[in-house]
Student: 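Structure incoming, see below.
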Amino acid sequence: INEIEEKNKIVIPITKELQKLAERALLVQFYKDKLEEGKSHEEIIARLKKEGFTQKEIAQLEKDLQQKDKVKIQKL
């Protein structure tokens with residue numbers, strides 16, 4: 001989609017929303033993968049903060065995990 005927008009010098013209104021959804025899905029998968037590797041919630045969150053994710057993005061991740069993916073977050 002980005003290539004089409006750049007090539008044709010247009011803006012597709014839904015593009016940003018699709019990118020946000022894709023990023024959220026990737027973040028959820030990253031979290032689940034790290035859990036499977038044996039990492040704790042705190043270790044995963046610390047890594048995300050180190051990578052530059054904001055508290056708002058992390059809060060959204062926790063909400064997505066609990067509501068949509070039914071992951072129980074165990075905080076130490």
Student: Taking the side chain as every heavy atom from C-beta outward, state whether R24 and D64 have any pair of such atoms under 4.5 Å apart.
Tutor: yes
Student: Please find the pair of heavy atoms, one from L35 and one from K39, that lie closest to each other, and give the distance.
Tutor: CD2-O, 3.5 Å
Student: By the salt bridge (Lys or Arg N to Asp or Glu O under 4.0 Å) test, which pairs, at least two apart or in different chains, include something from residues 2-17?
Tutor: none
Student: Looking at CG of L18 and CD1 of I12, how far apart are the two atoms once the value is rounded to the nearest 0.5 Å?
Tutor: 9.0 Å
Student: Step by step, would you call K34 with E43 a side-chain contact (heavy atoms from CB on, under 4.5 Å)?
Tutor: CA-CA 9 Å; K34 293 300 172 192; E43 290 172 318; over 6 Å; no
Student: Quick one: does L48's side chain get under 4.5 Å of L27's, heavy atoms only?
Tutor: yes
Student: Just how far is it from atom CD of E42 to atom NZ of K49, taken to the nearest 0.5 Å?
Tutor: 9.5 Å
Student: For R47, is there an ion pair with E51 - N to carboxylate O distance below 4.0 angstrom?
Tutor: yes
Student: Flag the pair I44 / F30 as yes when at least one side-chain heavy-atom distance between them is below 4.5 Å, and no otherwise.
Tutor: yes
Student: Using side-chain contact (heavy atoms from CB on, under 4.5 Å), reason through L26 and Q29 one step at a time and then give a plain yes or no.
Tutor: CA-CA 5 Å; L26 286 171; Q29 191 58 52; 5.6 Å; no
Student: Looking at CD1 of I45 and NZ of K50, how far apart are the two atoms once the value is rounded to the nearest 0.5 Å?
Tutor: 15.0 Å
Student: Identify whether the distance between the nearest side-chain nitrogen and carboxylate oxygen of K20 and E23 falls below 4.0 Å.
Tutor: no
Student: Just wondering, are more than 12 heavy atoms of other shown residues or ligands nearer than 6.0 Å to CD1 in I14?
Tutor: no
Student: Where do Y31 and E62 land on the side-chain contact (heavy atoms from CB on, under 4.5 Å) test, with the steps shown first?
Tutor: CA-CA 10 Å; Y31 185 94; E62 291 176 335; over 6 Å; no
